Structure formats: C-alpha cells, structure tokens
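Everything on this sheet refers to the single structure shown next.
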Amino acid sequence: MKKLQMKAARAALMLAIFMSFTVACSKDEGNHPQASPANASANASSTAAKSKAEGTVKIVLPGDAPKDLAGVQKAMEEKLKTDGLNIKLDFTYFPWDQYNNKLNLIAASGENYDLAWTHVSWLSQIAAKNVIIPLNDLIEEQGQQLKADIPAASFASASIEHMIYGIPTLVPSAENNNFFVIRGDLREKYKLAPIKTLADFENYLDTIKKNEPSMVPIANDNTRGLLREFGDIYLPIGDYGAGPAYIDPADKSLQVKNFYESEIFKNIVKTKRKWYLKGWFPKDAQEIKDSEAALNNGKIAATWSNVLKTSERIDAFKAGVPTGTLEDVFLNPEKPKYVFDAASNLLSVFSTSKNSKAAIAFVNWSRSSKENYDLFSYGVNNVNYKLDGNAVSTQGIADKSTYNQVNWAWDDIRMKRFSKNVSPSYIENLKVWDKNAVVAPTLGFRFNADPVKSEIAQIDAVGQVYVGVANNGYVEYDDFYPEFKSKLKAAGIDKVIAEVQKQLNDFVAKKAAK
C-alpha cells in the first residue's frame, strides 16, 4: 500500500507517468504489453490464482437497464468462471434524477450493494459521509492489472489525502469539457476555414444565420467552451458549473477568486448577449428543449461538446442527418492545455459492501483484456453487436438484443471501440490528446463543501434567478450585475471563497510535506 500511496503523492512523478501513458496510447495496441490480450489473460489468471474473491457483486449504475442485460450477464459470468473467478453479477439501475440520493440512502440504511458509478465532483461529499471506502489495500490485493495500467495522476485525481476512492477511467482528460461541436459539412459548404478562434466561430454562426433560415445557429445550453477563450480556470465546486470559486493554474500563489466577480464571467455574459442580439441563440429558451434531438434533426448548427462526446453522439446524428458530419471546436489550441483532473468517472465501492474483494477483482478482470472489456462494454459479439473491421456496429441487431450499456463509466481508451462513423484521424487524435498537456498544481484537490453547504445552496438559488437568464443572453451585464453581486454577498459567497482557499492551502502544504 505504501508504494501506491507514494506514487500518488509525488507530484514530480505525476507528469512523467501521465505523459508516458499518453505516449503508450499513441502506439499500436498490439505493441503495448499491458493491452495485449494474451498477456492480459495471463495476468488475470495469475490474479485469480492468488485471490479468494468470490460471490455476487451487486452493481449500481444510472439510467435504464440494457434490454439484453440478462444475456450479457450470463456470458460475463461464464467468462469469469473460465478465468478462475467464481463471481456472479447483480445489476441495479436508478433514474438519473434519483441517482445521487440513492447512493446516500444505500449507505445510510446499510443496504448490501458493492460497486457504483461515481464522479470526482462528488468525491469529497460521499467520502465524508462514508458512502464509499478507500481502495488502496483492495487494489494491492485484487487489482494488479489496474495498478499496472492506471497512471499515478489518474489515481491522484480519484484520491483524498492519498486514499483512493474510485477506479478511474482512462480517457483523454486535458481541458476535456471545453468544447463546442459544429456541422462540419456546413462549414465546408460555405468554404469556411477550420475554426480555431472565437472570431472564426462567430463567423460560422453568422454564416448559418444568413444562409440556413430553418436552423438555429447554436443552442443556448452549456457553452463552457467559452471558458478557454477568456482565461485558464479550474472550478473546484461542482461538475460543469460556472462557479462560485475559481483558480488560475498559472497563478503561483493559487489564490482562490470569485468567478462571478471576474472579467472571465463578465466577458462570457457579454458574448452570450451578443449572440442573442445577433439572432444566433434561440429567442425563446424553450425553443430548443433538447439540444441532442435538435442536432440530430438538423435544427441546430452547434452545441456543447467534450473530447469524447462526438464519438458518442455520431450514430444518432447520422441516423437523422445521413449526409452530415460533426466537427469538434476547441478554441485557441495553441494555449497551454491543462489537466485539472486526470479522472472524472469512477467505479467506487460502498461502505456497506459485503463483497468488496470480488468487486475490485471484477473491475480488474474487466480491464485485463480486450475480450473482457468488450463483453462488459458492448455485450456478446454477433448477438448484441457486430464488428465492422475494428468498429462496433448494431446494424441488423434486433431491438430486444440491444445492450446500450453506460460504458463511459469505465472507459479505457486503449481498448475502447468506436462506431464506423468515427474517423480514424479522430481516434488517433484522442489517443494523443493529453500529450504535452500541463498538469495543473491543483490536480488531486477535492473540495469538501460540507462546512459551507448552506451558503452554497443559497448561492445556487441566487444563480438560478440571474445566471440562467444571463447565459441565454436575455439581459445586459451592467443591468443585472450590481443586484446579482449584492445578493451573492448576502448569500455568503465570501465565506465559500475563504473555505475553498483554506482547504486548498492545506492540500498544498500536505503535498509539499511529502
């Protein structure tokens, strides 16, 4: 356990190990010893031989259960047995709007569940409430393949004070949410250059407005892609939210600042107001209720995205717009590309688990070979999906046999399969996306909101009144901001900023002491 903790703690090693991972990802999979199915199967068998982990692993995931879950579950259990692991599986799915609360209730009531999808943005809260447990010892005993494959930076992002609370995905992580997506076919139709700047992007939106009267240029949903235009910022509170605290990774003092008082927020609001006045945003927020459906129906020309999202949405888009293409927009690609979190989606073990060893043994097995990964992620070949070369396809698969699993919860870019609609160049770019990225000094910092949870709730309530309206472009910044600022002060935003600073200072001091 000490070796694993030391690896996670040594900031000097993080970047080297993290970058070695990205280089390895850029190589041919067959040349990667840990990704080799034959080698991985041997490792899995070796782990199984040492392990007494067995029994039923009860897994909790969000959304709806896949239609052929029973068939895939049976196939996984048979493969587990073949590999020497006497493990059964039991899946439970909770609706998205109930999911977080269900995790807390499971722990509070002592229900026997073992494994669950979690996210780094909740990590401090659910760890403090004893919803999940540290995994260091379990990884040492049951997760040798995970330990070998997952970089220290990724484990650090899934840790609190060097205690690992989740098995992270292995996916591109540098600035991974600061994207837009556009209709690449329309950009080419109007002979526009590839988009690299805000001016380029706005020219595209204006071109759509002038030439495609039946389309809305951009949906007024998450426009996080603008953050990179106006600054480099790490947001330690929430998942994709805009505030209330932010940290500039280039600021050596690591001063925590009020996002809503920043020039960054001001510039974003003014930009969105401009988009609204130009007619690039919908005039009515209810006009585009579902941006995904609108994209797939050809009703919008741009929306939010992330580094993997285009690969996830491409098939649904192609079904609605067969001749269309999607193209990611990452503004200012020449700027430093920061890794704020080398992990986002996690698989964690409940504090109420009665079979934690088998839970980690199962995750280790699922990431130990491409065959196992495919089975857990996509189902049974020629039953739940077909291979089109190396691409995964559901063409010709009966509806009752579909297996739409939430495989993003355990993604591994080394073994992940893509649709045939995803271009090879896109896939290769993903594999080297983190190359030359800069690891932010805040990597591994997890803010515990409990000391200021009432203030954060009040700030959120104020934000619901003002921020949504501003993000839709409905108001001038100078008209709403003085009142907004006053109400944020009354809600306790200064106390929240101070608490984030206190916790960050403690984090930095402890890291320096190691």
Side-chain angles (χ1 to χ4, degrees), residues 14-15 17-27 29 32 34-35 61-62 117-123 143 145-159 164-179 181 224-225 239-240 304-314 326 328 330 337-348 363-364 366-368 370 372-374 376-378 390-392 405-419 422-440 443-444:
M14 282 181 184
L15 184 56
I17 296 172
F18 181 75
M19 292 309 162
S20 71
F21 159 66
T22 61
V23 172
C25 281
S26 69
K27 297 178 181 178
E29 186 180 63
H32 193 307
Q34 292 169 349
L61 296 170
W117 167 70
T118 60
H119 194 275
V120 293
S121 62
W122 330 325
L123 208 59
Q145 192 73 40
L146 299 170
K147 182 181 174 184
D149 288 353
I150 297 174
S154 297
F155 273 132
S157 287
S159 299
I164 301 166
Y165 281 92
I167 305 300
T169 54
L170 283 183
V171 296
S173 56
E175 308 264 2
N176 60 347
N177 288 309
N178 295 342
F179 283 79
V181 68
R224 186 183 166 108
D239 186 357
Y240 305 119
W304 71 278
S305 196
N306 62 43
V307 71
L308 279 170
K309 188 64 181 176
T310 291
S311 68
E312 295 167 353
R313 65 179 21 139
I314 187 66
L326 295 180
D328 285 338
F330 184 68
K337 194 164 56 176
Y338 286 97
V339 178
F340 296 114
D341 274 313
S344 53
N345 295 306
L346 312 171
L347 291 177
S348 299
V363 179
N364 188 75
S366 72
R367 301 267 286 268
S368 291
K370 194 162 184 112
N372 297 348
Y373 181 85
D374 282 351
F376 188 24
S377 300
Y378 312 115
N390 288 322
V392 62
Q405 187 58 278
V406 292
N407 49 59
W408 45 262
W410 53 85
D411 260 346
D412 188 325
I413 195 65
R414 301 169 309 129
M415 296 183 279
K416 182 178 177 65
R417 292 191 187 274
F418 295 88
S419 160
V422 177
S423 71
S425 62
Y426 175 95
I427 297 170
E428 289 308 307
N429 185 52
L430 287 178
K431 290 183 177 181
V432 298
W433 178 254
D434 288 333
K435 188 176 181 180
N436 300 322
V438 179
V439 175
L443 187 140

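Predicted, not measured: the structure shown is a model, and the values here were computed from it.
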Who pairs with [X] by side-chain hydrogen bond (donor to acceptor under 3.5 Å, both in side chains), at least two apart in sequence or on another chain?
{"X": "Arg313", "answer": "Glu292, Ser305"}
{"X": "Thr169", "answer": "none"}
{"X": "Asn178", "answer": "Glu175, Arg224"}
{"X": "Ser311", "answer": "none"}

Where the side chain of [X] meets the backbone of [Y], is there a donor-acceptor pair that is under 3.5 Å apart?
{"X": "Lys337", "Y": "Ala437", "value": "no"}
{"X": "Tyr378", "Y": "Arg417", "value": "yes"}
{"X": "Asn364", "Y": "Leu146", "value": "yes"}
{"X": "Asp434", "Y": "Ala174", "value": "yes"}
{"X": "Asn306", "Y": "Lys309", "value": "yes"}
{"X": "Ser366", "Y": "Asn372", "value": "no"}

So, taking the atom named [atom1] in [X] and the one named [atom2] in [Y], what distance separates them when rounded to the nearest 0.5 Å?
{"X": "Ser121", "Y": "Asn345", "atom1": "OG", "atom2": "CG", "value": "9.0 Å"}
{"X": "Thr310", "Y": "Leu326", "atom1": "OG1", "atom2": "CG", "value": "5.5 Å"}
{"X": "Phe155", "Y": "Ile164", "atom1": "CZ", "atom2": "CD1", "value": "4.5 Å"}
{"X": "Ser154", "Y": "Leu443", "atom1": "OG", "atom2": "CG", "value": "8.5 Å"}
{"X": "Glu428", "Y": "Trp433", "atom1": "CD", "atom2": "CH2", "value": "14.5 Å"}
{"X": "Phe330", "Y": "Asn176", "atom1": "CZ", "atom2": "CG", "value": "9.5 Å"}

Minimal non-hydrogen separation, Ala158 against Gly166, with atom names | CB-O, 3.5 Å

Residues Val307 and Tyr426: closest non-hydrogen pair is O-OH, 3.1 Å

Applying ring pair (Phe, Tyr, Trp, His ring centres under 6.0 Å), name anything that partners Phe376, two or more places apart in sequence or on another chain.
-> Phe362, Trp410

Identify, with sequence neighbours excluded, every residue that meets ring pair (Phe, Tyr, Trp, His ring centres under 6.0 Å) alongside Trp117.
-> Trp96, Tyr99, Trp122, Trp408

Quick check: are there more than 12 heavy atoms from other residues, nucleotides or ligands sitting under 6.0 Å from CG of Asn390?
-> no

State, with a plain yes or no, whether a side-chain heavy atom of [X] is found less than 4.5 Å away from one of [Y].
{"X": "Leu346", "Y": "Leu123", "answer": "yes"}
{"X": "Met415", "Y": "Leu170", "answer": "no"}
{"X": "Asp341", "Y": "Ser173", "answer": "no"}
{"X": "His119", "Y": "Ser344", "answer": "yes"}

Contacts of Ala440 that satisfy side chain to side chain contact (heavy atoms under 4.5 Å, CB included) - sequence neighbours left out = Pro249, Tyr338, Phe340, Thr442

Mind checking what makes side chain to side chain contact (heavy atoms under 4.5 Å, CB included) contact with Ser419, not counting sequence neighbours?
-> Ile314, Asp315, Asn421, Val422

Quick one: salt bridge (charged side-chain N to carboxylate O under 4.0 Å, His left out) partners of Asp411, sequence neighbours excluded?
-> Lys416

Exactly one of Asp412, Asp374, Asp149 clears salt bridge (charged side-chain N to carboxylate O under 4.0 Å, His left out) with Arg367, and that residue is Asp412

